[in-house]
Amino acid sequence: MLQGKRLLLLCLSALALFGMVTLAVATRRGIGLSADSVAYINGARHFLDGYGLRLSPDPGPENLMIIQAPLYPLLLSALAFSGIDILVVARWFNILLFGLNIVLIGLLIYRHTRGIYVSLLGSWLALTSVTVIRMHGEAATEALFISLTLSGLFFLALHLERPSKPFLIGAAIAIGLAAITRYVGVVLIATAVLGILVHRRSWHQRARDSAIFVAISSLPPGIWFVRNFLLAGSATAREMGYHPMTVRNVQQAIYTVGGWLLPLFVPKVLGMILGIATLYLLFITLTYGLRKNAFVSLRKTLFAQPFPSLLAIFVLLYIPFLLITRFFVDAETLLNDRILLPAQMAVLIGGLSSIPSILRQTEGRYSIPFTAIALAIVLSVSHLLNGAAWVMESYQEGLGFASATWQESEAIAHVKQLPRDTLIISNGADIIYILTGKTAYFSPQEIEPTALIVNEAYAADLERLKAQAAERQVVVVYLDNVDWRWYLASEEELREDLPLQPLFEAKDGTIYRVIP
């Protein structure tokens, strides 16, 4: 009879295989594509073609990949070097990462609980979470970031338990790579350094380990930021400024967190209540052991269980980092399910890892185990129902720009018929490129979205289009289904500001010719 680790590995392998097959079914129309996905696919394709990491082969620093971190497109280009289409590579790469992350989550929980059932519950909740599977089904950085984050913090925890330079170096490499997968990975560097400094060792050892870790982990992002600054004059193409958060932003964040507790399609008001309750529980959990002497308590907790404690430190640093970014760096930073996914994973693993300890401390209070079992059942069932509904919808419709809506678009079909030398201006330039292979450029911006300032070059951009129309055919493709780019000139404004002549009116958009 299989017991212990062998049984766990068998069950986790089965869950991983089930998850990979499920994701393959959900992405049968192709890997999910979003605006960010197109940027990564562009970067990978142009890198393969010898242009470097660029959003467009056109010269100029404005076309360099700077806003996006480089590791994901670099890996895609490396895997596609043999000639396989990058979209196919991205799909199967993410499917493999999904299986890997399912196994990782289960193993990490088991190592700190020795409980097979709670470990399998963690993997099951990750497998069936709509946010988790959706992010693995999209050509984006979240899947890779989760793998590197969990690996890096785990290696660091092993080093803190039993000092070992290979584990310290492995942690630094993984976290350094995470920082060039998503820029928010710099929070992981701070998390690791704080974890090392509060650990119970001599100041000399802590200072030495911190220096080694920072030197290795900061090297990949440091090289990338220097490259950006030398070529484009900016490390991340973002400017400092104050961007007040709206009520809608706050509501979105609370509703997203509420979905962690009961991820069914619930009314907005109930979702808000669940979100507030979840945030309150997290606050109580994180501050319970720190109420007397935060520094001493943190050191004792970290020494006893380094990995769950590192996850808690990460969450405590990650959320303020997002808020600071939203207020002062990038107004487009939304506290949605995608942005909060790393925190969700940290809470999931850390929360389940603490269950055995909580049950031991409440021994004799039978309501606690029954409550935990009931909550586990509710979460498992609700995740399953919601996840199954999402997979069925994705199987039938497709994901993002790979969906039937875009694949069968009448406007896109007509764009394919335009002469190759036509200059295409559109509110969906990225969609046109990924679906037709034709280079398109975005409509003039009225507002700079990351800084929330008026684009003073708007009038000059319009005049440039008029001048180009005198030399070649220029068309404006306005796609009705692109309703999220509020900062671009609207169709009505373009018709007022440019001499436009309708060429083709589709069910989902209109194509205009700019009259010379």
Side-chain angles (χ1 to χ4, degrees), residues 104 107-114 147-180 184-223 225 282-283 285-321 324 342-343 345-347 349-354 356-358 360-361:
L104 265 178
L107 290 178
L108 291 173
I109 295 174
Y110 179 79
R111 190 178 186 280
H112 292 87
T113 64
R114 300 301 176 188
S147 297
L148 292 170
T149 296
L150 296 181
S151 300
L153 293 181
F154 177 59
F155 286 144
L156 182 60
L158 291 178
H159 170 71
L160 295 177
E161 291 175 3
R162 184 174 298 178
S164 168
K165 278 192 177 179
F167 284 139
L168 178 64
I169 293 172
I173 292 174
I175 288 177
L177 293 177
I180 57 170
V184 75
V186 297
V187 173
L188 291 168
I189 299 177
T191 298
V193 171
L194 181 58
I196 293 171
L197 290 177
V198 300
H199 196 58
R200 191 181 299 172
R201 300 176 68 199
S202 70
W203 275 109
H204 172 73
Q205 291 172 319
R206 283 179 269 170
R208 181 198 61 196
D209 288 353
S210 297
I212 293 173
F213 186 89
V214 171
I216 297 174
S217 63
S218 62
L219 188 60
I223 292 174
F225 291 150
L282 290 175
F283 175 77
T285 302
L286 290 172
T287 58
Y288 177 76
L290 308 178
R291 64 189 184 279
K292 291 184 179 180
N293 189 318
F295 186 75
V296 174
S297 182
L298 180 59
R299 287 190 62 179
K300 289 181 179 179
T301 305
L302 187 63
F303 184 72
Q305 285 192 315
F307 185 72
S309 301
L310 287 171
L311 292 176
I313 294 172
F314 172 68
V315 172
L316 288 171
L317 295 180
Y318 184 76
I319 300 303
F321 181 86
I324 291 172
M345 290 293 92
V347 169
I349 298 171
L352 292 178
S353 295
S354 65
S357 176
I358 294 173
R360 284 194 298 269
Q361 294 177 24

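Side chains are part of it too, since the values below use all heavy atoms of this structure and drop only hydrogens, waters and symmetry mates.
Separating the CG atom in L177 from the OG1 atom in T149 is a distance of 11.0 Å, to the nearest 0.5 Å. Note: L311 CG to L316 CG = 11.0 Å, rounded to the nearest 0.5 Å. Between atom CG of residue L352 and atom OG1 of residue T113 there is a gap of 8.5 Å, rounded to the nearest 0.5 Å. With rounding to the nearest 0.5 Å, the separation of CD1 in I196 from CG in L156 is 5.0 Å. Atom CG of residue L317 and atom CD1 of residue I189 lie 12.0 Å apart, to the nearest 0.5 angstrom. Taken from OG in S309 to CG in L153, the straight-line distance is 11.5 Å, to the nearest 0.5 Å.
The side-chain heavy atoms of I175 and I216, taken from C-beta on, include no pair separated by under 4.5 Å. Annotation: side chain of R111 is in contact with side chain of F154 (closest heavy-atom distance under 4.5 Å). A 4.5 Å side-chain heavy-atom check between F314 and P342 finds at least one atom pair inside the cut-off. In this structure the side chain of L104 reaches within 4.5 angstrom of the side chain of S151, judged on heavy atoms. Side-chain contact check for F307 versus I349: some heavy-atom pair is nearer than 4.5 Å. In this structure the side chain of I173 never reaches within 4.5 angstrom of the side chain of F155, judged on heavy atoms. L158 has its side chain out of reach of R162: every pair of non-hydrogen atoms, C-beta onward, lies at least 4.5 Å apart. At a threshold of 4.5 Å between non-hydrogen side-chain atoms, the residues Q205 and P163 do not count as touching.
A donor-acceptor pair shorter than 3.5 Å can be found between the side chains of H159 and D209.
In this structure, H112 contributes its side chain and S353 its backbone to no donor-acceptor pair below 3.5 Å. In this structure, the side chain of R206 does not engage the main chain of V198 through any donor-acceptor pair within 3.5 Å.
Considering all non-hydrogen atoms of both residues, Y318 and A343 come closest at CD2-CB, 4.0 Å. A pairwise comparison of heavy atoms in T191 and L310 identifies CG2-O, 3.5 Å as the closest pair. In plain terms, the two heavy atoms of L160 and G195 that are nearest each other are CD1-O, 4.1 Å. Closest non-hydrogen pair, P221 versus S217, comes out as CD-O, 3.3 Å.
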